[in-house]
A.B. asks: 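The structure under discussion is supplied below as structure tokens; questions concerning it will follow.
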Amino acid sequence: MAVPAPWVMLPSRDLRMKQDIINLLQAALAQLAANGQLMRDAPLPVPQLERARDSNHGDFATNLAMVLAKLARAKPRELAEQIVAAMPASPLIIQTEIADPGFINFFLADAAYHAVVTQILAAGSDFGRSRIGAGQRVQVEFVSANPTGPLHVGHGRGAAYGTVVANLLAAVGFNVHCEYYVNDAGRQMDILGTSVWLRYLELCGEALRFPSNGYRGDYVWDIAATLHREHGDNWRVDVAQVFTGLPPDAPTEGETALIGADKELHIDALIAAAKRLLGDNRYRYVFELGLNTILDDIRNDLAEFGVAYQEWYSERSLTESGAVNRAIERLRSGGHLYEQDGALWFRSTAFGDEKDRVVVRENGQMTYFASDIAYHMDKLERGFDRVIDIWGADHHGYIPRVKAALQALGDDASRLDVLLVQFAILYRDGVKVPMSTRAGEFVTLRELRREVGRDAARFFYVMRRCEQHLDFDLDLAKSESSDNPVYYVQYAHARVSSVLRQAAEKTLMIDPSPGNTNLERLTENHEQALLRTLSRYPEIVETAAIKAEPHQLTQYLRELANDFHTYYNAHQFLVDDAVLRDARIKLILATRQVLRNGLGLLGVTAPESM
RNA sequence: GCCCUCGUAGCUCAGUUGGAUAGAGCGAUCGCCUCCUAAGCGGUAGGUCACAGGUUCAAUUCCUGUCGAGGGCACCA
């Protein structure tokens with residue numbers, strides 16, 4: 001059975017400039033093949049065309065002759081000459097050159113670049129969008145933090161990265177479905193509920209020793225206060241009933257260790273006590289209050305951060321719908337499960353995992369992994385062509401077992417991509433901001449947004465490759481200077497708007513002329529550079545999307561802004577020569593459009609003035 | 001010990017999925033506002049791409065090994 005290529009894509013018809021040249025090369029190859037100058041049966045390669053790094057090498061270059069040399073049993077240079085000779089004439093290309101050891105370099109006509117301005121102005125906010133995704137359905141799951149507390153800055157990076165990747169994929173024609181997996185069923189949620197209840201008892205006036213494994217954040221007190229407001233002391237119990245006979249907890253700071261101390265056994269016993277003393281209904285109420293309060297906070301936080309999901313998928317619903325049992329049955333009937341030490345194990349080592357994994361614990365409880373198998377089975381059953389999971393890098397060891405499970409289920413595990421996001425480290429005054437979950441002194445996403453603003457947070461988060469540790473300089477993110485890449489790019493956008501306002505004040509006509517009119521007047525070096533950069537934008541969006549690398553876009557926008565600022569410093573736009581002025585205004589309008597489109601994909605505002 | 005990610009200028013990072021003389025920003029240093037926002041621009045200095053092999057026309061890029069950094073190796077989520 002044929003395995004589908006990682007990304008099945010339509011040809012990049014929308015990348016006009018580049019694709020036009022590729023078409024010419026393909027025509028040349030077909031010509032050579034027809035003449036018998038190439039091996040008869042050999043398949044023709046798709047020409048690889050790249051932007052020349054050095055302007056001495058023209059605008060584009062291809063290594064086609066070198067790649068083909070062996071196949072054609074010819075010397076690269078000679079083959080290059082044959083290819084060039086076989087190429088149909090085109091007004092795009094002004095000069096072709098063959099360089100050692102066999103590169104074919106293309107020099108483009110100025111008119112080809114002038115046409116880019118026209119294309120941008122005609123396409124507007126659609127410039128850079130394409131259809132290479134061909135409407136394939138892609139699911140992107142990201143953040144998915146346990147609703148046991150507010151999002152912190154680490155989640156923020158996943159949120160920014162995930163949402164920009166989704167934007168990029170949508171821009172190149174994929175049908176994107178963003179999803180947050182809500183872990184609303186697991187033991188961690190029981191620990192949260194129990195933490196809330198213990199704080200409630202404290203509010204009732206009970207004195208108790210808070211468990212080392214409990215959630216200690218202030219938000220737990222807030223939820224407990226809500227509970228106390230609603231029910232007063234009615235749900236109060238004597239703490240002696242809660243704590244007597246419990247296995248000892250691990251020591252917290254300043255305590256000495258007790259014999260047999262085990263924080264896990266201790267907290268599990270506390271959960272059991274909470275369930276027993278509260279009864280099912282009341283326990284469930286406390287549990288739900290904690291879950292819903294925090295989940296509402298997370299939803300609100302992400303919405304304010306400009307992150308929107310199509311779906312919030314409940315882990316609990318997987319159990320309720322029977323999906324978890326169904327997944328386990330499928331594994332069982334496939335012979336992939338076995339019992340040992342009272343637990344049910346999945347033989348993941350048969351699919352390359354390091355060790356086998358438990359799916360049902362000795363005590364009968366499903367593991368998180370069991371739900372996750374069901375969840376990923378469900379994702380593929382929902383018909384997504386591709387599934388992208390974005391996880392914190394600390395979960396990387398989890399990938400082989402999830403892929404193993406999909407294989408064991410008979411699914412195509414290559415449809416799942418897991419992207420890992422490294423941690424973000426905050427710096428203030430050049431010093432690392434200490435963050436430790438244990439001490440409860442982590443910085444929340446909300447605090448970060450309040451401090452540096454949404455735009456800076458979004459931009460900084462995706463500035464680096466995701467598998468790279470991110471040094472997040474808070475002072476830089478807040479600074480209003482060209483050192484700050486967000487302001488630098490936004491300022492370029494605002495500057496164009498400012499120029500247009502100036503023109504209006506001077507009552508100059510700034511309605512741009514139609515089509516390519518007057519663009520031949522753009523002859524300055526700075527204008528050439530800007531045009532070249534503008535023409536690259538669709539290629540940038542495409543590679544950033546396919547490689548899931550938003551940083552390519554931030555990098556590009558800096559370059560574009562730089563080209564613009566340089567141009568701005570070197571030349572007046574609102575010149576007396578009306579024809580030249582028209583051409584320049586069209587160029588800066590096109591620049592503003594591309595800045596706006598790029599910032600839009602990043603979820604960063606494009607201000608009219610600063 | 002095993003696995004994953006990473007190692008590029010003093011610092012933070014790019015490097016077009018193997019291409020031609022390895023690039024930005026910051027910091028350092030020298031300059032530019034009677035001119036559309038100086039929240040801007042330009043010049044100079046700064047490199048054994050961690051190291052050693054291999055693959056080929058071509059390696060910062062792919063493979064192997066060594067060294068170094070971070071993370072992961074639960075009947076936790």
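Convention: sequence-line order gives letters A, B, ...; per-chain numbering from 1.
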A.B. asks: Measuring only the P atom in each nucleotide, how far is G15(B) from G71(B)? A whole number of Å is fine.
C.D. replies: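 Per the computed distance, 24 Å lies between those P atoms.
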A.B. asks: Does the E527(A) side chain pair with the main chain of E524(A), one donor and one acceptor, at a distance under 3.5 Å?
C.D. replies: yes
A.B. asks: When the P atoms of A50(B) and U12(B) are compared, how many Å lie between them, rounded to an integer?
C.D. replies: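 The same atom, P, in both gives a distance of 15 Å.
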A.B. asks: Who is the Watson-Crick or G-U wobble partner of G23(B), with both distances under 3.5 Å?
C.D. replies: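 Looking at the geometry, G23(B) pairs with C13(B).
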A.B. asks: Counting heavy atoms from C-beta on, name the nucleotide in G15(B), A77(B), C75(B) closest to the side chain of W345(A).
C.D. replies: C75(B)
A.B. asks: Nearest heavy atom decides the nucleotide; on that basis, is Y491(A) or K547(A) closer to the 5' end of RNA chain B?
C.D. replies: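 Taking each residue's closest nucleotide, the earlier one in sequence belongs to K547(A).
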A.B. asks: Just name whichever nucleotide pairs with A52(B), Watson-Crick or G-U, keeping both distances under 3.5 Å, else none.
C.D. replies: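 A52(B) is paired with U64(B).
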A.B. asks: Taking atom C1' in both G27(B) and A9(B), compute the distance separating them and give it to the nearest angstrom.
C.D. replies: 11 Å
A.B. asks: Expressed in whole Å, how much space separates the C1' atoms belonging to A20(B) and U16(B)?
C.D. replies: 14 Å
A.B. asks: Applying side chain to side chain donor-acceptor pair (under 3.5 Å) to S371(A) and E315(A), what does each step give before you reach the verdict?
C.D. replies: CA-CA 7 Å; S371(A) 316; E315(A) 177 186 0; 3.0 Å; yes
A.B. asks: Taking syn as a glycosidic torsion within 90° of 0 and anything else as anti, which one is C11(B)?
C.D. replies: anti
A.B. asks: Identify which nucleotide among A77(B), C41(B), G15(B) has an atom closest to any side-chain atom of N146(A), counting heavy atoms from C-beta outward.
C.D. replies: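 Of the options given, the side chain of N146(A) lies nearest A77(B).
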A.B. asks: Does any nucleotide pair with G70(B) by Watson-Crick or G-U wobble geometry, both distances under 3.5 Å, and what is it?
C.D. replies: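 Pair assignment: G70(B) / C4(B).
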A.B. asks: Among C75(B), C57(B), A20(B), which nucleotide sits nearest the side chain of M66(A)?
C.D. replies: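 Looking only at side-chain atoms, M66(A) lies closest to C57(B).
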A.B. asks: Look at the side chain of D483(A) and decide which nucleotide, out of A77(B), U21(B), C26(B), has an atom nearest to it.
C.D. replies: C26(B)
A.B. asks: Looking at Y375(A) versus Y181(A), is the centre-to-centre ring distance below 6.0 Å?
C.D. replies: yes
A.B. asks: Which part of the nucleic acid, if any, lies within reach of E362(A) when heavy atoms closer than 4.0 Å are counted: base, sugar-phosphate only, or nothing?
C.D. replies: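 Here E362(A) touches the bases of the nucleic acid.
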A.B. asks: Between the base of A77(B) and the side chain of H395(A), is there a donor-acceptor distance below 3.5 Å?
C.D. replies: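 For H395(A), whose side chain was compared with the base of A77(B), there is a donor-acceptor pair (under 3.5 Å).
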A.B. asks: U61(B) and U56(B): how far apart are their P atoms, nearest whole angstrom?
C.D. replies: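 It comes out at 16 Å once rounded to the nearest Å.
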A.B. asks: Can you tell me the distance, in whole Å, between the OH atom of Y488(A) and the P atom of A38(B)?
C.D. replies: 13 Å
A.B. asks: Under the 5.5 Å and 30° test, is F103(A) stacked on the base of A20(B)?
C.D. replies: yes
A.B. asks: What contact category does S609(A) fall into here, base, sugar-phosphate, or nothing, at under 4.0 angstrom with non-hydrogen atoms?
C.D. replies: base
A.B. asks: By nearest atom, which of the nucleotides A20(B), G15(B), C41(B) is closest to the E549(A) side chain?
C.D. replies: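 Nearest nucleotide to the side chain: G15(B).
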A.B. asks: Output the rounded distance in Å from CD1 (I540(A)) to C1' (U17(B)).
C.D. replies: 14 Å
A.B. asks: So, the side chain of R401(A) versus the backbone of K355(A): is there a donor-acceptor pair under 3.5 Å, distance only?
C.D. replies: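 Here the side-chain-to-backbone pair does not exist.
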A.B. asks: Establish, with yes or no, whether the OP1 or OP2 oxygen of U21(B) is under 4.0 angstrom from a side-chain nitrogen or oxygen of N56(A).
C.D. replies: no
A.B. asks: Check the pair Q188(A) / Y368(A) against side chain to side chain donor-acceptor pair (under 3.5 Å), numbers first and verdict last.
C.D. replies: CA-CA 10 Å; Q188(A) 293 303 318; Y368(A) 174 87; over 6 Å; no
A.B. asks: Is H57(A) stacked on the base of A20(B), with ring centres under 5.5 Å apart and planes under 30° apart?
C.D. replies: yes
A.B. asks: Run the ring-centre check on F564(A) versus H493(A) and record whether the distance is less than 6.0 Å.
C.D. replies: no
A.B. asks: Pick the C1' atom in C63(B) and in G18(B), then give their distance to the nearest Å.
C.D. replies: 13 Å
A.B. asks: Within the distance-only criterion (no hydrogens, no angle test), does the side chain of N484(A) pair as donor or acceptor with the backbone N or O of S479(A) below 3.5 angstrom?
C.D. replies: yes
A.B. asks: For every nucleotide of nucleotides 2-7 of chain B, 5' to 3': is a protein heavy atom under 4.0 Å from its base (B), only from its sugar-phosphate (S), or from neither (-)?
C.D. replies: -BBSS-
A.B. asks: What about N105(A), does its side chain sit under 3.5 Å from the base of A20(B) through a donor-acceptor pair?
C.D. replies: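 Checked by distance alone, the answer is yes.
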A.B. asks: Sticking with atom P, work out how far C36(B) lies from U29(B), rounded to a whole angstrom.
C.D. replies: 30 Å
A.B. asks: Indicate the ring-plane relationship of Y537(A) and Y556(A), choosing parallel, tilted or perpendicular according to the 30° and 60° boundaries.
C.D. replies: tilted
A.B. asks: How long is the line joining CZ of R558(A) and C1' of A24(B), in whole Å?
C.D. replies: 7 Å
A.B. asks: Without decimals, in angstroms, what is the distance between D268(A) CG and A77(B) P?
C.D. replies: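 Atom-to-atom, D268(A) to A77(B), this comes out as 10 Å.
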A.B. asks: Compare side-chain N and O positions of Y556(A) against OP1 and OP2 of A14(B) and report whether any pair is under 4.0 Å apart.
C.D. replies: no
A.B. asks: What distance, rounded to whole Å, do you find between the two P atoms, one in A22(B) and one in A45(B)?
C.D. replies: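 These two P atoms come out 15 Å apart once rounded.
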A.B. asks: Is there a side-chain contact between F106(A) and T62(A) (heavy atoms, below 4.5 Å)?
C.D. replies: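 When only atoms from C-beta onward are counted, T62(A) and F106(A) do touch, with a gap below 4.5 Å.
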A.B. asks: Does F60(A) or D471(A) map to a spot on RNA chain B nearer the 5' end, using the closest nucleotide for each?
C.D. replies: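 With F60(A) and D471(A) compared, the 5'-side residue is D471(A).
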A.B. asks: Counting only non-hydrogen atoms, which of residues 493-501 of chain A are less than 4.0 Å from RNA chain B?
C.D. replies: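 Of all residues in residues 493-501 of chain A, the ones placing a heavy atom under 4.0 Å from RNA chain B are A494(A), R495(A), S498(A), V499(A).
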A.B. asks: Under a 3.5 Å cut-off for both distances, is A28(B) Watson-Crick or wobble paired, and to whom?
C.D. replies: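 U44(B) is the nucleotide pairing with A28(B).
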A.B. asks: Please determine whether any donor N or O and acceptor N or O are separated by less than 3.5 Å between the side chain of N63(A) and the base of G19(B).
C.D. replies: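 Side chain to base: pair present.
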A.B. asks: Considering every strand shown, what is the Watson-Crick or G-U wobble mate of A58(B) when both distances are under 3.5 Å?
C.D. replies: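 Because no pair has both required distances under 3.5 Å, A58(B) counts as unpaired.
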A.B. asks: What integer distance in Å separates D563(A):CG from A24(B):P?
C.D. replies: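 Rounded to whole Å, this separation is 12 Å.
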A.B. asks: Report yes if at least one side-chain N or O of H571(A) is closer than 4.0 Å to OP1 or OP2 of C35(B); otherwise report no.
C.D. replies: no
A.B. asks: Check the distance between C75(B)'s P and E339(A)'s CD and give it to me in whole angstrom.
C.D. replies: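 After rounding, the gap between these two atoms is 16 Å.
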A.B. asks: Over how many whole Å does the gap from N484(A) atom CG to A38(B) atom C1' extend?
C.D. replies: 16 Å
A.B. asks: Set out, in order, the CA-CA distance, both residues' side-chain angles and the distance that settles side chain to side chain donor-acceptor pair (under 3.5 Å) for R495(A) and H565(A), then state yes or no.
C.D. replies: CA-CA 9 Å; R495(A) 249 185 170 172; H565(A) 287 309; 3.1 Å; yes
A.B. asks: Counting the benzene-type ring for Trp, do F472(A) and Y461(A) have ring centres under 6.0 Å apart?
C.D. replies: yes
A.B. asks: Take D389(A) and H376(A) through the side chain to side chain donor-acceptor pair (under 3.5 Å) test and state the conclusion after the steps.
C.D. replies: CA-CA 10 Å; D389(A) 285 2; H376(A) 284 86; 2.5 Å; yes
A.B. asks: Could you check how far CG of D190(A) sits from C1' of A77(B), rounded to whole Å?
C.D. replies: 12 Å
A.B. asks: Hey, do the aromatic rings of Y338(A) and F346(A) have their centres closer than 6.0 Å?
C.D. replies: no
